Amino acid sequence: MWFLIGIAIGAAVLGIVALLRTKKIALTWYEWVLGIIGMGLLLFTLQNFFGSFAELESKAAYVFLIIPGIPAVIMLALAWQLAARRQSKSA
């Protein structure tokens, strides 16, 4: 399962980079860092969520979904908003 997720993430990153190049959008280094850390934290959260359910620890799964999952979503949203606001200012 994780092999397929890795392939999907690789294809998504390749698609994002291609989209950014065709639309000529340049991201700053901290937008890249926020996005990469947010995506890594989200994958870490999902892996542990499904792992806890596989071990029949549903309460731990839900707690783990909240504790690192919310910061992951916040980081991804922040990276997206920074890029979108900077792009709308220049347009």
Side-chain angles (χ1 to χ4, degrees):
M1 179 174 105
W2 291 105
F3 179 71
L4 295 175
I5 290 174
I7 290 173
I9 290 172
V13 168
L14 184 65
I16 289 170
V17 170
L19 179 72
L20 290 173
R21 285 189 178 178
T22 57
K23 295 201 177 216
K24 295 182 179 162
I25 299 172
L27 297 179
T28 59
W29 66 270
Y30 52 87
E31 292 166 350
W32 280 108
V33 170
L34 275 174
I36 290 169
I37 291 173
M39 185 56 68
L41 192 57
L42 185 65
L43 290 173
F44 177 68
T45 300
L46 290 175
Q47 190 274 331
N48 283 293
F49 176 73
F50 289 122
S52 293
F53 261 117
E55 294 178 0
L56 303 175
E57 295 289 342
S58 61
K59 187 174 181 181
Y62 289 125
V63 168
F64 206 92
L65 192 64
I66 291 171
I67 300 298
I70 291 174
V73 172
I74 289 171
M75 283 183 187
L76 289 171
L78 184 63
W80 172 64
Q81 276 298 312
L82 285 171
R85 287 184 184 190
R86 190 171 39 78
Q87 187 65 24
S88 67
K89 275 186 179 179
S90 65

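Quick caveat: nothing in here was measured; it's all calculated off a predicted structure.
The distance from atom CD of E55 to atom CZ of F50, rounded to the nearest 0.5 Å, is 14.5 Å. Distance check: I74 CD1 to Q81 CD gives 13.0 Å after rounding to the nearest 0.5 Å. Taking CG of L19 as the reference point, atom CZ of R21 lies at 12.0 Å (rounded to 0.5 Å). Taking CG of L46 as the start and CG of L65 as the end, the distance is 7.5 Å to the nearest 0.5 Å. Note that CD1 of I25 is 10.0 Å distant from CD of E31, once rounded to the nearest 0.5 Å. To the nearest 0.5 angstrom, L76 atom CG is 11.0 Å from I36 atom CD1.
When V33, L34, L42, I70 are each tested for a side chain to side chain contact (heavy atoms under 4.5 Å, CB included) with M75, only one passes: L34.
Nearest heavy atom pair, residue G38 against residue A72, reads O-CB, 3.7 Å. Taking all atoms of both residues into account, the shortest heavy-atom contact from G69 to T45 is N-OG1, 3.6 Å.
Both W29 and I37 are members of a single hydrophobic cluster when ILVMFWY side chains are connected at heavy-atom separations under 4.5 Å. I5 and M39 fall within the same hydrophobic cluster, defined by Ile, Leu, Val, Met, Phe, Trp and Tyr side-chain heavy atoms under 4.5 Å apart, directly or through other members. Y30 and L78 fall within a single hydrophobic cluster, where Ile, Leu, Val, Met, Phe, Trp and Tyr side chains are chained together by heavy-atom contacts under 4.5 Å. Taking hydrophobic clusters as Ile, Leu, Val, Met, Phe, Trp and Tyr residues chained together by side-chain heavy-atom distances below 4.5 Å, W80 does not share a cluster with L27.
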Open item on the list: Go through it in stages, so that I can follow the logic: the residues are R86 and T28, the test is side chain to side chain contact (heavy atoms under 4.5 Å, CB included), and I'd like the CA-CA distance, side-chain angles, deciding distance and then a yes or no.
Closed with: CA-CA 10 Å; R86 190 171 39 78; T28 59; 3.9 Å; yes

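Ring centroid separation for the pair F64 and F53 does not come in under the 6.0 Å cut-off.
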